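Data block below; observations after.
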Amino acid sequence: MTALAPARPPAPQGRAPGPLLLGVRHHGPGSARGVLAALEAARPEAVLIEGPAEADALVALAADPAMRPPVALLAHAADDPGRAAFWPFAAFSPEWAAIRWALGRGVPVRFADLPAALTLAAEPARDDGGEHAPGADTAAARIDPLAELARAAGHEDPEQWWEDVVELRGDTDPLAPFEALAEAMTALRERYGHGGHPRDLVREAHMRLRLRDARKEFGDAVAVVCGAWHVPALARRTTVTADRALLKGLPRTKTELTWVPWTHRRLARRSGYGAGIESPGWYGHLFSAPDRPVERWMTKVAGLLRESDHPVSSADVIEAVRLADALAALRGRPRPGLAETTDAVRAVLCGGSDVPLGLVRDRLVVGDVLGEVPAAAPAVPLQRDLDRLQRRLRLKPGAEERALDLDLRGETDAARSRLLHRLRLLGVGWGTPTGGRAGTGTFREPWRLRWEPELHVRVAEAGVWGTTVESAATARAEARALGAGSLGEITDLAERCLLAGLTGALPAVLGALADRAALDTDAAHLADALPALARALRYGDVRGTDTAALADVAAGLAQRICVGLPPACAGLDADAAAQMRDRVDAVHAAITLLPNPNPNPDSNPDPGPDPNPHLHPTPDPAPAPTPDLAPPLPDGPLVARWAGVLRRLVRGERVPGIIRGRAARTLLDEGWLSEEETGRAMGLALSPGTPPADAAAWIDGFAGGPGGGLLLVHDERLLALLDGWLTGVPAEAFTDVLPLLRRTFGGYEAGVRRTLGELVARGPDAAAPGSAALVPGFAADPDEERADGVLPLLHLVLGPEAAA
């Protein structure tokens with residue numbers, strides 16, 4: 001909440017005659033400085049802080065040199081770690097300043113708010129504690145005390161008003177600021193009651209009980225640091241019986257508390273934090289640089305912009321400071337605030353552009369500062385093991401997102417990869433694998449890393465699976481395998497287990513995979529599952545993982561796909577056919593990755609029964625193809641069988657055109673179908689008796705996707721067949737096939753479309769069918785003399801070991 005609260009002037013001995021109630025805004029540098037000044041003036045014998053009462057045992061850790069804010073108290077239910085709450089503290093938080101002041105002087109410090117055992121039992125899981133939790137109350141009418149006071153003072157912007165009256169004020173009587181707004185806050189409570197937060201009445205009853213206990217022990221020499229909204233309730237006279245009646249019968253749950261690192265970004269209001277502020281980085285700067293804050297801020301901004309290759313001179317910094325001072329004077333502000341400094345940065349340092357200004361707002365105004373907690377802080381065993389692994393692997397968590405490129409050939413990077421994959425299996429999303437790296441190797445693995453405070457809760461949740469990252473991930477994978485709802489889910493799990501190096505979980509996962517695959521007769525499900533297994537085998541190789549058992553399961557799955565896919569492709573509608581076309585692509589890529597032992601180039605196993613035997617009578621024996629047109633046979637029995645499946649799809653009359661076209665294209669790309677046979681298949685698909693929509697679908701399957709346009713550019717026969725079919729499409733049918741054709745050709749690169757247009761514009765008479773003369777730079781036969789001229793250059797580039 002906001003503002004300030006009533007306080008009694010100190011007695012001549014330096015301490016107040018009654019409890020010192022210091023109402024604050026939870027995260028404000030002005031409030032923090034005011035609290036320190038008030039405590040120095042009053043010298044209380046005990047300090048009470050708004051926070052969960054169970055945290056008294058942890059408060060001494062705040063004095064540890066390894067404790068660096070921002071940090072937060074984390075409380076979670078012992079039997080349900082996902083049910084948690086946070087109480088964040090920054091270096092500029094008044095409560096943190098009071099804690100450090102008390103610990104530095106040996107003054108007892110205690111927490112006075114409602115125990116976490118009551119908070120977690122009564123509220124749903126949320127991202128912060130106490131009154132700052134979104135959804136903490138259900139009352140419809142809520143007020144913002146800061147906004148109400150700003151409105152009463154005639155200000156439209158509560159943040160700017162607060163900066164003027166508190167954050168930017170100069171040195172004053174240390175207790176006067178807390179008295180200045182006491183009446184206003186009391187008046188707000190008298191008018192609005194609990195202000196739409198009925199649970200505050202219960203919290204304030206507990207605070208009064210804790211205050212009474214402290215007064216019995218220390219007398220009136222007690223200081224209370226809490227949200228200013230609560231101060232009138234703490235000053236009100238009530239009976240112990242009445243306060244205890246409000247707490248009677250409340251549900252409780254067993255809780256565990258610890259300190260965890262926090263970030264400035266999570267203190268920002270836009271993160272969803274109920275007590276958040278607009279500019280934690282700016283407030284942190286004001287607290288750490290009370291002298292000449294504007295000059296120091298502009299220097300920070302200049303350094304950031306220079307790091308981003310944005311030119312900023314010293315003269316620019318000086319001019320920006322002058323402009324900020326001038327704007328503050330024009331606007332009637334005591335000193336330049338965030339609005340004035342931002343306007344000056346935009347005008348002078350950013351040249352009026354909001355692009356570099358966005359960087360300043362993200363990196364400095366909000367910031368990515370991540371706190372640290374000492375090793376002595378309580379933690380679940382899993383968190384301890386994770387901390388140990390992070391230190392051993394030199395993988396320090398950071399609040400700012402960063403890229404990490406792992407080379408799996410190195411032991412350290414391979415161990416980092418296993419750790420990140422294991423954490424993902426446990427639901428701890430510290431890292432996210434990213435694609436887009438050029439190359440076909442599998443030893444590179446790019447990641448994006450970013451540590452969020454909520455991940456501590458995820459680690460606590462995952463602690464139920466084991467005490468180490470490896471054992472917890474293994475147990476979690478085995479449980480997921482037993483509860484998997486689909487074959488694809490298990491294959492994905494098998495891939496993730498191999499990536500994570502969880503060899504202990506593989507027997508259970510592979511057993512569930514084999515059982516599910518044996519019962520699943522849907523070829524589409526089998527086709528969806530195979531690519532993940534093929535990837536797992538591929539990645540298992542680079543990690544040195546034993547994948548023999550997985551290879552057997554994948555090979556069996558591939559054989560069943562070869563049997564069941566042709567019937568599954570018959571009689572599909574357009575949408576289902578497009579999905580099946582994608583499955584054919586994925587299965588082909590997977591089968592080429594699978595091991596194919598004992599190659600038998602003389603055999604071509606039959607893929608199974610013909611899906612349309614009545615449509616395909618046994619043909620007469622065909623003459624052997626000429627040597628120059630005979631395609632090479634695929635290596636390995638599995639690949640050979642898959643080639644037979646593709647051939648059967650090409651000639652299946654009930655198979656949709658998009659699948660037949662893609663099967664023909666795949667055979668051609670792999671060299672398993674000669675150009676002569678490909679032209680014959682295309683001619684049949686585009687014959688006058690074929691409905692235009694079916695022919696267009698065949699074209700989409702054959703020529704669509706990467707490389708389809710280049711086929712037409714370099715094969716004049718295929719282009720001539722397509723051109724002849726397209727010019728013969730009736731006008732009434734052309735409008736029906738146009739969208740499909742536009743989708744096919746619209747996917748080509750601009751240069752490919754331009755070349756196709758030039759070839760078609762030259763017309764069919766430019767060269768004989770099948771001639772390469774239409775393609776500039778190509779001849780019918782290779783020119784050996786010109787080719788020999790390239791050899792010296794190749795010898796120079798490749799080195800002396802390359803044969804000339």
Side-chain angles (χ1 to χ4, degrees), residues 51-59 61 71-88 111 113-138 199 202-203 206 247-262 266 272-274 373 375-388 422-430 451-485 505 508:
E54 302 99 327
D56 287 351
L58 300 175
V59 70
L61 289 172
V71 293
L73 283 168
L74 164 63
H76 63 81
D79 58 347
D80 181 13
R83 195 175 184 83
F86 294 95
W87 286 262
F111 289 95
D113 204 350
L114 201 64
L118 299 179
T119 302
L120 295 178
E123 302 291 344
R126 57 200 185 184
D127 66 350
D128 55 83
E131 68 181 0
H132 324 311
D137 300 304
T138 57
R199 191 162 180 80
V202 179
R203 297 176 57 211
H206 189 272
L247 298 169
K248 186 178 180 180
L250 293 179
R252 286 178 173 269
T253 185
K254 186 178 179 180
T255 58
E256 298 176 356
L257 275 77
T258 187
W259 289 102
V260 297
W262 203 252
R266 291 293 293 132
Y273 174 41
V373 299
V380 296
L382 182 62
Q383 181 68 60
R384 297 287 188 197
D385 185 60
L386 176 57
D387 294 340
R388 178 186 62 83
R422 289 170 181 177
L423 290 176
R424 281 173 56 81
L425 266 172
L426 291 171
V428 183
W430 179 18
W451 186 268
E452 297 285 358
E454 292 84 352
L455 295 180
H456 289 283
V457 178
R458 305 284 83 80
V459 173
E461 283 184 294
V464 301
W465 298 104
T467 58
T468 66
V469 174
E470 181 177 4
S471 65
T474 298
R476 178 64 176 139
E478 292 174 343
R480 287 187 58 181
L482 294 176

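Note that the structure is a prediction, hence the values are computed from the model and not measured. Values reported hereafter were calculated over all heavy atoms of this structure, with side chains retained and with hydrogens, waters and symmetry mates removed.
Looking at W259, its side chain does come within 3.5 Å of a backbone N or O of L58 through a donor-acceptor pair. A donor-acceptor distance shorter than 3.5 angstrom exists from the side chain of T258 to the backbone of P378, with no hydrogens or angles considered. The backbone N or O of A462 sits nowhere less than 3.5 Å from a side-chain atom of R476 that would complete a donor-acceptor pair. At distances below 3.5 Å, not a single donor-acceptor pair connects side-chain atoms of Q383 with backbone N or O atoms of H456.
For H76, there are no ring pair (Phe, Tyr, Trp, His ring centres under 6.0 Å) partners at least two apart in sequence or on another chain. Not counting sequence neighbours, R252 has no partner by the side chain to side chain donor-acceptor pair (under 3.5 Å) test. Residues passing the ring pair (Phe, Tyr, Trp, His ring centres under 6.0 Å) test with W465: none are found, sequence neighbours excluded.
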Carefully, step by step, assess L114 and V202 under the rule side-chain contact (heavy atoms from CB on, under 4.5 Å). CA-CA 8 Å; L114 201 64; V202 179; 4.1 Å; yes
Checking L386 against L423 for the side-chain contact (heavy atoms from CB on, under 4.5 Å) test, could you report, in this order, the C-alpha distance in whole Å, the side-chain angles of both residues, the deciding distance, and whether it holds? CA-CA 9 Å; L386 176 57; L423 290 176; 3.9 Å; yes
What's the verdict on side-chain contact (heavy atoms from CB on, under 4.5 Å) for L425 and R480, showing C-alpha distance, side-chain angles and the deciding distance? CA-CA 10 Å; L425 266 172; R480 287 187 58 181; 3.9 Å; yes
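Here the closest non-hydrogen pair linking P251 and A121 is O-CB, 3.3 Å. Contact detail for A376 and L61: the closest heavy-atom pair is CB-CD2, 4.0 Å. When all heavy atoms of L382 and G463 are compared, the pair lying nearest together is CD2-N, 3.6 Å. Closest of all the heavy-atom pairs between V469 and L426 is O-CD1, 4.1 Å.
Contact annotation: the side chain of H206 approaches that of P115 to within less than 4.5 Å [non-hydrogen atoms, C-beta and beyond]. With contacts defined as side-chain heavy-atom distances shorter than 4.5 Å, the pair D79/T253 qualifies. Contact of the P52 side chain with the L73 side chain is registered, since non-hydrogen atoms from C-beta on lie closer than 4.5 Å.
Of the charged side-chain nitrogens involved, none lies within less than 4.0 Å of a carboxylate oxygen, so that D387 and R384 do not count as a salt-bridged pair.
Centroid-to-centroid, the aromatic rings of W262 and F86 come within less than 6.0 Å.
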